[in-house]
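Down below is the structure, laid out as structure tokens.
Labels below follow one simple rule: chain letters A, B, ... track the order of the sequence lines, proteins then strands, and each chain is numbered from 1. Computed from heavy atoms alone, side chains included, the values below leave out hydrogens, waters and symmetry copies.
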There are 2 protein chains.
Amino acid sequence: MKNNNNCNGNFLHEEKANRVLSSIPGDEFLYQLADFFRILGDSTRVKIIKALAISEMCVYDLSKLLNVSQSAMSHQLRVLRQANIVKYRKEGKVVFYSLKDEHIERIIRTGIEHLKERTS
Amino acid sequence: MKNNNNCNGNFLHEEKANRVLSSIPGDEFLYQLADFFRILGDSTRVKIIKALAISEMCVYDLSKLLNVSQSAMSHQLRVLRQANIVKYRKEGKVVFYSLKDEHIERIIRTGIEHLKERTS
DNA sequence: CCTATATATGAATATATGTTCATATAGTAT
DNA sequence: ATACTATATGAACATATATTCATATATAGG
């Protein structure tokens, strides 16, 4: 006798379960993916990326313009560097940061659109 | 005499600074945006979203299929609910969750593409 | 060499986050 | 009622994270 209220019997070990499982990336990739999104999950970093999308900038100016302490800025730039999101070039004692590519900013824009649709 | 090694003098208080500042969303929206990305910044939640993108599922099956404890699953579903990412319907004692819209999954796919490009 | 400027970094701290454990709630069946 | 199943939730705990503070490094100018 099949108990329809036990959802467990519905599809586990069946075709649908496999379809679901095969659509989910492997653990290793999944972690990378979550790590990537977590980078965008901080308003300071989003600010930095948005700023660099307009123009390359030195640490000092970023710090002043975005109202973030020099130290915090440096720490966050390191995070973005290690995540391969920004690159830098040195000119004397000044270090100019810029986006490694514009893909990131496109993803942020997608998020912005998403939120705006949701709000309206 | 203009000191070119002082990047501070380059554009602060000038047109470029304004362009940068005006491209950055206001604080309130910025927090929402970061909050949104932070939701995607956890592998368990990404797994759940990917699964629900294939099919609505009850908590029990999600839990079994994704190898997450029932309690952790419930907690994470609450997070997704509060973030307006999933909706649910009750059928007896069983609660079926599904994505509120497919937008989210599109954003995740964008992230996946981004990572894959970067790896290659 | 000494000073000032620009940036980086380690340690400390406060806060946020994810999971587990125990328990509560709610529906179903006997 | 009682027992069982499905889900939710509060508390505790361990870990991660962002910022600050103090200090280090590096470059330039005098």
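Rounded to an integer number of Å, the gap from Glu91(A) CD to dA6(C) P is 13 Å. Spacing between atom NZ of Lys64(B) and atom C1' of dT7(D) amounts to 15 Å, rounded to whole angstrom units. A straight line from NZ of Lys93(A) to P of dT27(D) spans 11 Å, rounded to a whole angstrom. Rounded to whole angstrom, the span from the CZ atom of Phe96(B) across to the P atom of dA6(D) amounts to 11 Å. Straight-line distance from the OH atom of Tyr60(B) to the C1' atom of dT5(D): 9 Å, rounded to whole Å. Atom pair Gln70(A):CD and dA26(D):P shows a separation of 16 Å (rounding to whole Å applied). For Arg89(A) and dA6(C), the CZ to P distance is 16 Å, given to the nearest whole Å. As a whole-Å value, the separation of Leu66(A) CG from dT19(D) P is 12 Å.
Every residue two or more places apart in sequence or in another chain that forms a salt bridge (Lys or Arg N to Asp or Glu O under 4.0 Å) with Arg109(A) is listed here: Glu105(A). For Arg19(A), the side chain to side chain contact (heavy atoms under 4.5 Å, CB included) partners at least two apart in sequence or on another chain are Glu15(A), Lys16(A), Ile54(B). When the side chain to side chain contact (heavy atoms under 4.5 Å, CB included) test is applied to Asp27(A), the partners found at least two apart in sequence or on another chain are Leu30(A), Tyr31(A). Arg45(A) is linked by a side chain to side chain contact (heavy atoms under 4.5 Å, CB included) to Ile39(A), Asp42(A), Gln76(A), Val79(A), Leu80(A), counting only residues two or more places apart in sequence or in another chain. Applying the side chain to side chain contact (heavy atoms under 4.5 Å, CB included) test to Asn84(B) and every residue at least two apart in sequence or in another chain returns Arg118(A), Lys100(B). For His75(B), there are no side chain to side chain donor-acceptor pair (under 3.5 Å) partners, not counting sequence neighbours. Among residues two or more places apart in sequence or in another chain, the salt bridge (Lys or Arg N to Asp or Glu O under 4.0 Å) test is passed with Lys47(B) by none. Taking the salt bridge (Lys or Arg N to Asp or Glu O under 4.0 Å) definition, one finds that Arg106(A) meets it with nothing, sequence neighbours left out. Judged as a ring-ring contact (aromatic ring centres under 6.0 Å, His included), and not counting sequence neighbours, Phe37(A) has no contacts.
Side-chain contact of Tyr97(A) with Arg81(A): a donor-acceptor pair under 3.5 Å is present, judged by distance alone.
With a cut-off of 3.5 Å on both pairing distances, the Watson-Crick and G-U wobble pairs of DNA chain D assemble into stems of 3 or more at C:1-30 with D:1-30.
Of the possible polar contacts, one joining the Ser63(A) side chain to the Val68(A) backbone as a donor-acceptor pair under 3.5 Å is found.
Contacts between residues 37-47 of chain B and DNA chain C, defined by a heavy-atom separation below 4.0 Å, involve Arg38(B), Asp42(B), Thr44(B), Arg45(B), listed by number. Using a 4.0 Å cutoff on non-hydrogen atoms, the parts of residues 74-88 of chain A near DNA chain D are His75(A), Gln76(A), ordered by number.
Contact between the side-chain N/O atoms of Tyr97(A) and the OP1/OP2 oxygens of dA8(C) is found at a separation under 4.0 Å.
Residue-level contact check: Ser69(A) touches the backbone only, with heavy atoms under 4.0 Å from sugar-phosphate atoms and none from bases.
Positionally, the nearest nucleotide of DNA chain D for Asp35(A) lies more toward the 5' end than for the other of Asp35(A) and Lys90(A).
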